[in-house]
Amino acid sequence: MIRTPGDVKTYRKELRDALQNAFLRQTLDQFAAAYRESHAKAFEGMDLESLIADIASRKDSALPRLDELLAAFKKRAEAAGAVVHEAATAQEANEIIARIAREGGVRHVIKSKSMTAEETFLNEHLEREGLQVTETDLGEWIIQLRREGPSHMVLPAIHLSRHQVAELFTRVTGEPMDPDDIEKMVKVARRTLRRAYLEADMGVSGANFAIADSGTLGLVTNEGNARLVTTLPRIHVALVGLDKLVPDLETALTILKALPRNATGQAISTYVTWITGAVPCATAPSGRKELHIVFLDNGRRALAKNPVFSQALRCVRCGACANVCPIYRLVGGHNYGHVYIGAIGLILTAFYHGVENARALVRNCLNCQACKAVCPAGIDLPHLIKNA
Ligand code: SF4
């Protein structure tokens, strides 16, 4: 479950405890150093400044047009056989998805990693409805088994050692695991998750892009699990923040030039999946997949109109503002974020999960400007944090 820093005194104690965690500090130090190198290599020879300006201007010009883009997306997606839903709040989104599951006679849900689903606490809601939910991204599955939230937006289990994972897998599978045999642990995860893919009636994903002029969803992943989640079960539900609406493929491809490079230092992620409409599906009684797309507002429309904070909606969720943050590097995401992590997490927490959950966190910002320098969307994060 997500842990929220309470009053400042309790939070200080949590920070002191985190500072004693030598493994965490060493891991995050090594990661930060490796990230710096891979980031520099990934953007070698590119005009990064122009790319950032292009992404910022494309995202900014989409914000005042969110409703127009949504209407265009809906028209195209529904013409291709999808059903488009709108949720004003996190609770409403969860209820819509639970209703789709109920009406579809669903018992087992598989999920690919989605920060939007973390934002709405979707898993907890579906489990309360009696559904079995299995995360299929390896890191997400690990933290689901530990009943905790992600400590990084892209690398959710970065805070855990192989010893902790081996212990967890031994407990869950009943099979003794050697912490040095990572290959075997991955095999065990693959075997267990494959069973879940085949048993599931419904797949839930997020989306990195919702392309208005074609009604297409775009998903950027590395493990291939999102492709299985969106392909195998007879029902697919995509939960998408309104901020993921872009006018056209060209805008999505412009963002795609920066997203994997900035997130993991890759020129392109292993998988980029484009989904338009209800495709043929062998396991569906009608022979066609049931595709539902749930757009989430949860404060985004108001944020889009905010003259100071609207730029936060440019965020493409690369996670880089955590990678370069000296505070994150010291105490990790569970102590420097609520659901969303890193510099952007401090701002989104205030807007999506309440200022009371952000109040203690923002006090740690050193205003070092590292997050601003690395953000591919040109968000002035230190300025926003100062005003949060
Ligand atoms: S604010 Fe910028 S650096 Fe941070 S996750 Fe979003 S796009 Fe990436």
Side-chain angles (χ1 to χ4, degrees), residues 28 31-32 35-36 38-40 42-43 48-49 51-60 62-63 113-116 118-119 149-156 158 206-209 218 220 241-246 251-252 254-266 269 300 303-304 306 308-329 332-333 336-352 358 361-362 364-388:
L28 296 180
F31 171 64
Y35 174 76
R36 240 196 333 265
S38 61
H39 178 269
F43 283 103
L48 183 53
E49 221 171 285
L51 180 58
I52 292 173
D54 196 6
I55 292 172
S57 113
R58 284 171 186 272
K59 290 289 276 185
D60 282 351
L63 292 181
K113 201 167 91 53
S114 155
M115 283 311 298
T116 316
E118 298 283 350
E119 176 186 330
S151 70
H152 187 283
M153 291 204 281
V154 178
L155 307 158
I158 193 172
N208 296 87
F209 312 106
V220 180
L242 282 173
D243 51 309
K244 298 292 164 54
L245 280 161
V246 291
T251 302
T254 303
I255 295 170
L256 198 53
K257 274 189 210 158
L259 176 54
R261 284 186 166 89
N262 223 53
T264 49
Q266 295 166 282
S269 55
R300 286 165 173 80
L303 190 51
N306 188 307
V308 178
F309 289 96
S310 63
Q311 56 176 301
L313 291 176
R314 290 183 201 155
C315 176
V316 298
R317 307 281 188 270
C318 69
C321 51
N323 303 350
V324 298
C325 173
I327 304 297
Y328 175 84
R329 195 166 158 174
Y336 202 37
H338 178 63
V339 171
Y340 289 103
I341 312 289
I344 191 68
L346 306 188
I347 298 146
L348 296 183
T349 298
F351 280 91
Y352 299 162
L361 301 174
V362 292
N364 282 326
C365 177
L366 300 173
N367 197 17
C368 71
Q369 310 275 319
C371 50
K372 181 179 173 182
V374 82
C375 178
I379 305 173
D380 190 348
L381 292 152
H383 175 69
L384 300 190
I385 292 169
K386 222 175 350 172
N387 287 286

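Numbering of ligands and ligand atoms starts at 1, following listing order.
- Heavy-atom contacts of M153 reach the following atoms of ligand 1: 5 (S) (cutoff under 4.0 Å).
- Taking 4.0 Å as the cut-off between side-chain N and carboxylate O, R317 and E118 do not count as a salt-bridged pair.
- Taking distances strictly below 2.8 Å, the protein N/O/S atoms close to atom 6 (Fe) of ligand 1 are C315 SG.
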Contacts table for residues 375-388: side-chain donor-acceptor under 3.5 angstrom, sequence neighbours left out:
unit_1: D380; atom_1: OD1; unit_2: H383; atom_2: N; d: 3.4
unit_1: N387; atom_1: ND2; unit_2: H383; atom_2: O; d: 2.8

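- A cation-pi geometry, defined here as NZ or CZ lying under 6.0 Å from the six-membered ring centre and within 45° of its normal, holds between R300 and Y352.
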May I have the list of side-chain donor-acceptor pairs in residues 52-60 shorter than 3.5 Å, sequence neighbours left out?
unit_1: D54; atom_1: OD1; unit_2: R58; atom_2: NE; d: 3.0
unit_1: R58; atom_1: NH1; unit_2: T251; atom_2: OG1; d: 3.0
unit_1: R58; atom_1: NH2; unit_2: E250; atom_2: OE2; d: 3.0
unit_1: K59; atom_1: NZ; unit_2: D243; atom_2: O; d: 2.9
unit_1: D60; atom_1: OD1; unit_2: R314; atom_2: NE; d: 2.9
unit_1: D60; atom_1: OD2; unit_2: R314; atom_2: NE; d: 3.3
unit_1: D60; atom_1: OD2; unit_2: R314; atom_2: NH2; d: 2.9

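- The side-chain hydrogen bond (donor to acceptor under 3.5 Å, both in side chains) search around Y328 returns none, not counting sequence neighbours.
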**Request:** Give the C-alpha distance, both sets of side-chain angles, the deciding distance and a yes or no for side-chain hydrogen bond (donor to acceptor under 3.5 Å, both in side chains) between N323 and H152.
**Result:** CA-CA 9 Å; N323 303 350; H152 187 283; 2.6 Å; yes
